[in-house]
There are 2 protein chains.
Amino acid sequence: MAKNKTHRLGDLQLRIMKVLWERRGASVAEVLDALDDSDASLAYTTIATMLRKMEVRGLVSHRTEGRSFIYAPQVEERDVSRSMANHLVDRLFEGSLFDAVSHLLTTREVSRDELKQLEKLIADRKKKL
Amino acid sequence: MAKNKTHRLGDLQLRIMKVLWERRGASVAEVLDALDDSDASLAYTTIATMLRKMEVRGLVSHRTEGRSFIYAPQVEERDVSRSMANHLVDRLFEGSLFDAVSHLLTTREVSRDELKQLEKLIADRKKKL
DNA sequence: ACGTATCTACTACCTTGGTAGTATTACCAC
DNA sequence: GTGGTAATACTACCAAGGTAGTAGATACGT
């Protein structure tokens with residue numbers, strides 16, 4: 001029953017989702033706390049508002065615990081990643097997986113180790129065909 | 001003089017850019033024409049307005065030819081692709097190239113042939129290290 | 001010369017993401 | 001029981017993407 005809807009999350013939305021996926025649910029305060037490092041801190045109400053909007057969109061749901069809401073993901077990380085990645089591959093490389101990987105490999109720094117891992121990955125994938 | 005600015009184009013913007021990249025410049029009518037297949041057709045003014053907005057953002061420029069504008073790309077496809085792909089890899093996979101490729105490989109259909117090509121690609125890349 | 005088609009300019013509107021302030025409610029500590 | 005604290009609700013705003021209508025200018029065919 002994985003909804004085949006295509007998900008397109010904004011930056012903040014995705015960061016929030018990552019917190020929820022990681023802890024399988026969190027209050028506004030917890031999300032805020034988790035996001036507070038690394039970059040400019042947001043207002044409590046920013047998170048709260050965003051979560052409410054996301055609930056309307058069906059990305060999250062909440063249950064009440066005491067006086068506060070515990071939000072939980074309503075979509076799976078895998079689905080979101082897949083649909084966003086696919087969307088980009090389609091947009092940028094007309095759906096060509098090869099072109100996409102090729103692009104990544106030629107425009108980014110890659111370590112020898114990563115290449116080795118990738119080789120292994122492909123070998124594995126081959127076996128499964 | 002490749003601006004290192006990070007580009008984030010919307011769907012329509014990208015489709016327009018692709019037309020401009022392909023023909024190194026085009027009038028509104030030509031762009032509209034090129035986009036008209038495949039999906040719901042847009043209004044002439046939609047393209048015109050979008051191009052004007054894109055010019056403000058520095059994505060395109062125009063010269064006048066007769067009474068009409070010929071728009072030309074002001075950013076390179078490679079740069080746009082790179083920055084959009086990187087952005088996604090960062091957002092979705094915390095910057096891990098391996099995770100990104102791995103995800104693509106496991107959630108998409110891949111033909112034996114593609115895998116072979118990828119192997120070759122990686123081997124080549126390895127040599128260049 | 002006149003009407004029609006073609007262009008650009010301007011304006012408008014809707015949606016979504018992002019950000020946050022204010023108001024209200026409810027609970028907790030003392 | 002009163003003040004502070006922590007939550008949610010509501011409202012507002014801005015920017016950007018997307019879509020398109022209307023108006024005004026211009027060229028072109030006959």
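Note on naming: letters A, B, ... go to the chains in the order of the sequence lines (proteins, then strands), and numbering restarts at 1 for each one.
Taking only side-chain nitrogens and oxygens, A:Y44 comes nearer than 4.0 Å to OP1 or OP2 of D:dT8. Phosphate proximity of C:dA20 to A:T46: present, with a side-chain N or O under 4.0 Å from OP1 or OP2. Taking 4.0 angstrom as the limit, B:R67 places none of its side-chain polar atoms (N or O) nearer than this to OP1 or OP2 of D:dC28.
Considering all non-hydrogen atoms of both residues, B:S41 and B:D36 come closest at CB-OD1, 2.7 Å. B:A100 approaches B:V89 most closely through the heavy-atom pair CB-CG2, 4.0 Å.
Nearest-nucleotide assignment on DNA chain C puts the 5′-proximal partner with B:A48, out of A:Q13 and B:A48.
Within the 4.0 angstrom heavy-atom criterion, only backbone atoms of the sugar-phosphate kind lie near B:F69; the bases stay farther away. At the heavy-atom level, A:A43 lies under 4.0 Å from the strands shown only through sugar-phosphate atoms. Heavy atoms of A:S68 sit under 4.0 angstrom from primed sugar atoms or phosphate atoms, though from no base atom. Within 4.0 Å (heavy atoms only), B:R52 reaches at least one base atom of the nucleic acid. In this structure, A:S27 reaches neither bases nor backbone, as no heavy-atom distance under 4.0 Å exists between it and the strands shown.
Rounded to whole Å, the distance from CD1 on B:I16 to P on D:dA16 is 17 Å. Rounded to whole Å, atom P of C:dG18 lies 13 Å from atom CZ of A:R8. Summarising the geometry, the separation between CD on B:E55 and P on C:dC10 is reported as 13 Å, rounded to the nearest angstrom. The nearest whole Å value for the distance from the NZ atom in B:K53 to the P atom in C:dA12 is 14 Å. Whole-Å rounding puts the B:E65 CD to D:dT26 P distance at 18 Å. Look at CG on B:L12: it is 12 Å from C1' on D:dA20, rounded to the nearest Å. Rounded to an integer number of Å, the gap from A:H7 NE2 to C:dT16 C1' is 17 Å. What separates CD1 of B:I47 from P of D:dG17 is a distance of 15 Å, to the nearest Å.
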**OP:** Please assess B:E65 against B:R63 for the test salt bridge (charged side-chain N to carboxylate O under 4.0 Å, His left out), listing each intermediate value before the final yes or no.
**Re:** CA-CA 6 Å; B:E65 189 167 285; B:R63 68 187 152 81; 2.6 Å; yes

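A:R82 and B:H103 form no side-chain donor-acceptor contact under 3.5 Å, judged by distance and modelled atom types alone.
Closest to the side chain of A:V28, out of C:dT16, D:dA20, D:dT8, is D:dT8.
Proximity of A:Q74 to A:L59: side-chain heavy atoms (C-beta onward) are nowhere separated by under 4.5 Å.
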